[in-house]
Amino acid sequence: MQELIIIERYLKNFKNIKILIDDIRLFNINFHNYPEINTIVDYCRKNYLKWSIEQDIFVAYNN
């Protein structure tokens with residue numbers, strides 16, 4: 001995902017960050033070439049981000 005690569009490039013510039021991805025339920029059914037949710041979870045692990053899912057929104061954060 002190009003968007004995550006761009007975010008990763010600038011993560012160190014921010015003290016507190018939240019990344020919100022809406023309609024997370026669609027990430028497990030090959031909808032419009034969306035990646036699997038595990039791809040996003042792996043991205044969070046790689047970048048030391050915590051994450052949760054709240055009301056069909058994936059929330060990644062660092063604080």
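- F27 CZ to I24 CD1: the interatomic distance, rounded to the nearest 0.5 Å, is 4.5 Å.
- Applying the salt bridge (Lys or Arg N to Asp or Glu O under 4.0 Å) definition to pairs two or more places apart or across chains, those involving residues 28-48 are E8-K46, D42-R45.
- Between atom CZ of residue F14 and atom CD1 of residue I7 there is a gap of 10.0 Å, rounded to the nearest 0.5 Å.
- The CD1 atom of I21 sits 12.0 Å away from atom CG of L26, with the distance rounded to the nearest 0.5 Å.
- W51 is not listed as a side-chain neighbour of I19, based on a closest heavy-atom distance of 4.5 Å or more.
- With values rounded to the nearest 0.5 angstrom, K15 atom NZ is found 8.5 Å from N63 atom CG.
- In terms of the salt bridge (charged side-chain N to carboxylate O under 4.0 Å, His left out) criterion, residue partners of R25 (sequence neighbours excluded) are, by chain and number, D23, D56.
- Within the 3.5 Å criterion, the main-chain N or O of K18 finds no donor-acceptor partner in the side chain of N62.
- Residue Y61 shares its hydrophobic cluster (ILVMFWY side chains chained together at separations under 4.5 Å) with L20, I57, V59.
- The distance from the OH atom of Y34 to the CD1 atom of I40 is 10.0 Å, given to the nearest 0.5 Å.
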